[in-house]
Amino acid sequence: MQKITYLVFSIGFLALSVSCKSNGKSKDMGESISVDSLLQVRYQKLLEYPADSMAFPRSYTDSTKTIRKTPSKDWTSGFFPGNLWHLYQLTGDDAFKKKAATWTSFMESQKHNDGTHDMGFKIFCSFGEGLKITNDSSYAKVIVESAQTLATRFNENVGSLRSWDFNADEWEFPVIVDNMMNLELLFEATKITGDSTYYEMAVQHANTTLKNHVREDNSIYHVVVYDTISGAVKDKVTHQGFNAESSWSRGQGWGIYGFTMAYRYTRDTTYLNQAMATADFYLSQENFREDGIPYWDFHDPTIPDAVRDVSAATVVASAFYELDGYADNPKYLAYADRVVETLHSEEYILPEDVDGPFILDHSTGNWPKNDEMDDPIVYGDYYFLEALLRKQGE
Ligand code: GLY
């Protein structure tokens, strides 16, 4: 393991002097510290957060100064263990590894939870990241058992894994673009076992998504609803975007990341071409903020007053570091570097006095529900840390 403690940002960045701010409001703390030191403070907050299997940190509400905590069944629960695995890699500090293993163990019961497609987010971000680092065979076993559970959600007629079970009166068989992210678990299960069933299921799901989720301009619908008998598309809607035809930023990110990852496992250039085409759509948006962090939806009519979504930027940046390895165009790397540079600032890194295990502010979880708006969210941090690792070639 490459030990790069405290050097994460040292190349290419100026050590800026900052005064701490509280929830977007500047507050003079008397003594300023460098952005790099501020990051180390934030990393320690993750380490110090007390282990509790019922209290996975999901987000921080700036307005009430409270941590939103969830049990392991929540779709976001795998990200916190993943953040600790990432921080172990970034710092080389064994304390992160120990905590990561503890939090990962809290996730194991989820391997039997067949009520969700989010198995990949939950198990791959925890056990999957742990496996890469420890090569622990018990982690591999959990991944395979989780893939077996996820596979029960596959419908042959549709050629997809079912995403959600809620709203069943209206949506017979909903598939969301986010579900592309869960394919990594299936691809890995085939690598571990040699059983191609998981791989074939992942390929079918990716092909169905490619066929039905992608618009002519290569932007991506959030939800496609299918008929379970004929497999026909019944509806194309949104749940988290501005409206059915808008482009929810994080959804574009899930698509770009998902197709890039599908190319990694299959070497099918159809996926690579789609990843690049959707990436090009994303980069071509007129409504882009100058600092590279997108508004939560490219079609929110209140832009430039709309909220931004750091998590969309970090998902895309991380995907772009991978895409850069496959694509013959420097623009993906340039955008990823720009995001990392933008986020390396007092505007985005939480101040020292925020008492919660999070790093970055200004993510937006669910705008239509007015939920987790412009706040620190665990998956914004996860893809940020992953982007840092990918930037340095890990
Ligand atoms: N996968 C749910 C979300 O992106 O909010």
Side-chain angles (χ1 to χ4, degrees), residues 56-61 68 70 72-80 82-83 110 113 115-126 128 150 153 160-167 171 174-185 205 209 213 219-225 237-243 246-261 278 282 293-298 300 306-319 358 360 362-384 386-387:
F56 286 78
R58 174 178 162 138
S59 59
Y60 182 84
T61 309
R68 179 164 165 187
T70 63
S72 61
K73 71 172 191 220
D74 188 77
W75 81 274
T76 63
S77 54
F79 294 118
F80 189 65
N83 284 343
Q110 288 306 304
N113 181 353
T116 171
H117 73 116
D118 285 321
M119 193 68 103
F121 281 123
K122 292 199 284 189
I123 296 297
F124 208 73
C125 298
S126 53
L150 179 59
R153 298 182 68 79
S160 273
L161 297 152
R162 181 188 186 105
S163 295
W164 295 321
D165 292 344
F166 71 89
N167 210 15
W171 298 337
V175 179
I176 62 174
V177 65
D178 323 26
N179 209 337
M180 282 295 296
M181 301 295 286
N182 295 310
L183 304 185
E184 193 162 7
L185 181 77
H205 182 99
T209 302
H213 269 80
S219 65
I220 298 186
Y221 282 103
H222 184 205
V223 188
V224 176
V225 183
V237 294
T238 195
H239 187 62
Q240 279 164 265
F242 185 77
N243 62 33
S246 74
S247 300
W248 172 46
S249 304
R250 193 163 62 252
Q252 310 313 300
W254 296 142
I256 295 165
Y257 192 117
F259 285 118
T260 305
M261 176 265 293
T278 301
Y282 178 96
I293 308 303
Y295 296 105
W296 75 280
D297 188 301
F298 285 118
D300 183 333
V307 285
R308 59 201 130 158
D309 184 8
V310 158
S311 76
T314 60
V315 169
V316 172
S318 182
F358 304 99
L360 298 172
H362 304 304
S363 286
T364 294
N366 194 336
W367 185 90
K369 287 209 158 70
N370 196 24
D371 188 26
E372 295 175 325
M373 302 278 281
D374 202 18
D375 280 337
I377 305 182
V378 66
Y379 45 84
D381 292 346
Y382 179 90
Y383 292 101
F384 171 64
E386 185 180 75

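Just follow the structure's listing: the first ligand is 1, and inside any ligand the first atom is 1. None of the values given here were measured: they were computed from a predicted structure.
- Of all the atoms in ligand 1, the ones that sit under 4.0 Å from a non-hydrogen atom of Asp178 are 1 (N), 2 (C), 3 (C), 4 (O).
- The side-chain heavy atoms of Arg68 and Asp375, taken from C-beta on, include no pair separated by under 4.5 Å.
- Against a heavy-atom cut-off of under 4.0 Å, Trp248 is close to the following atoms of ligand 1: 3 (C), 4 (O).
- Counting only heavy atoms from C-beta outward, the side chains of Leu185 and Leu150 approach each other to under 4.5 Å.
- Taking distance alone, with nitrogen or oxygen atoms compared against 3.5 Å, Asp118 stays at or beyond that limit from ligand 1.
- When side chains are defined from C-beta on, Asp309 does not count as touching Trp367, because their heavy atoms never get closer than 4.5 Å.
- When each of Phe79, Phe56, Tyr257 is tested with Tyr379 by the rule ring-ring contact (aromatic ring centres under 6.0 Å, His included), just one qualifies, namely Phe79.
- In the vicinity of Gln240, heavy-atom distances shorter than 4.0 Å reach the ligand 1 atoms 3 (C), 5 (O).
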